[in-house]
Structures are given as structure tokens and as C-alpha cells.
Amino acid sequence: MALNRKCTCYYGRRRVNGKSFKAQREESVRRTVYVSDIDQQFTEERLAALFSSYGHVVDCRICGDPHSVLRFAILEFADEYGARAALSLGGTMLGFYPVKVLPSNTAILPSEDEREMCARTIYWTNIDKKIAQADVKNFFETSCGEVSRLRLLGDNVHSPHIAFVEIVMSLRSP
């Protein structure tokens, strides 16, 4: 079975001057939503998969006590349109609770380790749901080198799947 070779890659962010950083941060905030009242059964992967039907999810962070109904998340989309469309999920029952989805007041700022990891991570979308995780891993190991981590997101109801593939060596040229 041939794999779809359409691939979108997101690399770590470069350091920039103060004005550029502020503009980048403001633009990132516009692409970000705040989600509260997240049921304990939801993981970052499941939440990102759910929201990915509204746009490309670049990052998803669930915060708070994993055993509490007071958990919240911040999701960043590739563009503002995805974030705006995701606001329509407000009030949707996720598990036992209706979630609140609001525009975020903050951006997700990666640590230096996360930036380095992002430089080695490929975000791949439009994967047919019939493709197995082992096939995705084999494709990337053949094309890019050793895969250190792979997350294939999706379920049998929603198609297509998405994947986050972390390669051992950096994708950036020296």
C-alpha cells in the first residue's frame, strides 16, 4: 500500500529581535484556543485529534491535576482560521462534561529542549486510516533516518489520520 507523500513539516522557531518576537507571539496567540473542563479520559493526543478536524493542530498541552475535572488545555493551530473554527466546539460533551472553548490570552512557549525536539519532528497529515503505525515508521526510517518517537492520531470514525514523527537527527542543515 503506497503512503501519501503530502507532508507538512513544522520546525523549531529561531531566535529573533524583540519586535519580531512580540509580533510572532501576538500572531501565535491568535492561533491559540483555551479549553477547560476536560474529562480525565482525554489525553493530549485525543484532544488534538478531535480539534484537528477544524485545522492543523501544531501543539496541544493539557494542564492541571490528571484526576481533577478542573483540567484545561491550550491548543495552537497552524493558522487563525483553525482557532476560530475550533471555538464552535464549546459546549460539546467530551466524556461527562461539556467543554468550554475560548480564545486564548497566551501562546505556548516551548522550552529549549522542546525547540530542539521540534526541529526533529515532522507533522504529517492526510494519512489514510488503513495505514498502520508500523508502515508510517518504516516510510520515515527509509526516507529520513531512525525514528525516535511516533504518534499516529485518529480513530476509525474520523479520517484522515495525522502523525507526529520525531527523527533522531535534526532535519535542519548545519
Side-chain angles (χ1 to χ4, degrees), residues 6-39 42-66 68 70-92 94 97-127 140 144 147-154 158 160-167 169-174:
K6 180 180 178 185
C7 178
T8 305
C9 302
Y10 293 94
Y11 299 116
R13 298 183 178 130
R14 295 185 200 128
R15 291 184 184 196
V16 292
N17 68 33
K19 286 183 182 180
S20 295
F21 177 76
K22 184 177 179 182
Q24 261 185 351
R25 183 175 171 84
E26 288 172 2
E27 196 266 329
S28 181
V29 169
R30 289 191 299 272
R31 296 189 328 252
T32 306
V33 296
Y34 171 83
V35 182
S36 65
D37 301 336
I38 300 171
D39 194 290
F42 273 83
T43 61
E44 290 175 343
E45 290 82 10
R46 283 188 65 197
L47 199 61
L50 173 72
F51 277 84
S52 69
S53 61
Y54 291 90
H56 295 296
V57 175
V58 176
D59 200 350
C60 176
R61 308 278 176 105
I62 294 180
C63 306
D65 182 352
S68 171
L70 301 176
R71 295 189 321 149
F72 66 94
I74 298 176
L75 286 93
E76 182 179 346
F77 288 85
D79 57 45
E80 290 181 51
Y81 303 108
R84 280 192 230 135
L87 296 174
S88 67
L89 275 175
T92 301
L94 297 185
Y97 308 101
V99 293
K100 295 176 187 168
V101 183
L102 302 168
S104 180
N105 294 326
T106 187
I108 298 173
L109 296 175
S111 68
E112 198 59 41
D113 288 341
E114 289 173 320
R115 287 179 195 203
E116 194 275 326
M117 181 188 73
C118 287
R120 296 181 286 110
T121 300
I122 299 167
Y123 170 74
W124 194 25
T125 187
N126 204 24
I127 303 169
F140 278 96
C144 303
V147 171
S148 61
R149 186 166 50 173
L150 169 66
R151 289 192 288 174
L152 183 61
L153 306 175
H158 301 94
H161 286 171
I162 63 172
F164 292 92
V165 183
E166 185 181 338
I167 307 298
M169 298 302 291
S170 176
L171 296 171
R172 285 191 252 185
S173 49

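No experiment lies behind these values; they were computed from the predicted model shown.
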Test side-chain contact (heavy atoms from CB on, under 4.5 Å) applied to V101 and V99, step by step: CA-CA 6 Å; V101 183; V99 293; 4.1 Å; yes

Give me the atom names and distance for the closest heavy-atom approach of [X] to [Y].
{"X": "L89", "Y": "T92", "result": "O-OG1, 2.7 Å"}
{"X": "A163", "Y": "L152", "result": "CB-CD1, 4.0 Å"}
{"X": "I162", "Y": "S52", "result": "CD1-CB, 4.2 Å"}

Check whether [X] reaches the backbone of [Y] with its side chain - one donor and one acceptor, N or O, closer than 3.5 Å.
{"X": "R71", "Y": "D39", "result": "yes"}
{"X": "R61", "Y": "E76", "result": "no"}
{"X": "R120", "Y": "I167", "result": "yes"}
{"X": "S148", "Y": "E166", "result": "yes"}

Say you draw a straight line from [atom1] of [X] to [atom2] of [Y]; how long is it, rounded to the nearest 0.5 Å?
{"X": "R31", "Y": "D59", "atom1": "CZ", "atom2": "CG", "value": "10.5 Å"}
{"X": "C60", "Y": "R46", "atom1": "SG", "atom2": "CZ", "value": "12.0 Å"}
{"X": "E80", "Y": "E27", "atom1": "CD", "atom2": "CD", "value": "6.5 Å"}

Chi angles and distances behind the side-chain contact (heavy atoms from CB on, under 4.5 Å) call for L47, I38: CA-CA 9 Å; L47 199 61; I38 300 171; 3.8 Å; yes

side-chain contact (heavy atoms from CB on, under 4.5 Å) between I62 and F72, worked out: CA-CA 6 Å; I62 294 180; F72 66 94; over 6 Å; no

Taking the side chain as every heavy atom from C-beta outward, state whether [X] and [Y] have any atom pair closer than 4.5 Å.
{"X": "V35", "Y": "L75", "answer": "yes"}
{"X": "F77", "Y": "V33", "answer": "yes"}
{"X": "V29", "Y": "N105", "answer": "no"}
{"X": "P98", "Y": "D37", "answer": "no"}

Close aromatic pair by centroid cut-off 6.0 Å: F164 and W124: no

side-chain contact (heavy atoms from CB on, under 4.5 Å) between C144 and I122, worked out: CA-CA 10 Å; C144 303; I122 299 167; 4.2 Å; yes

Ionic contact status for R151 with E45, cut-off 4.0 Å: yes

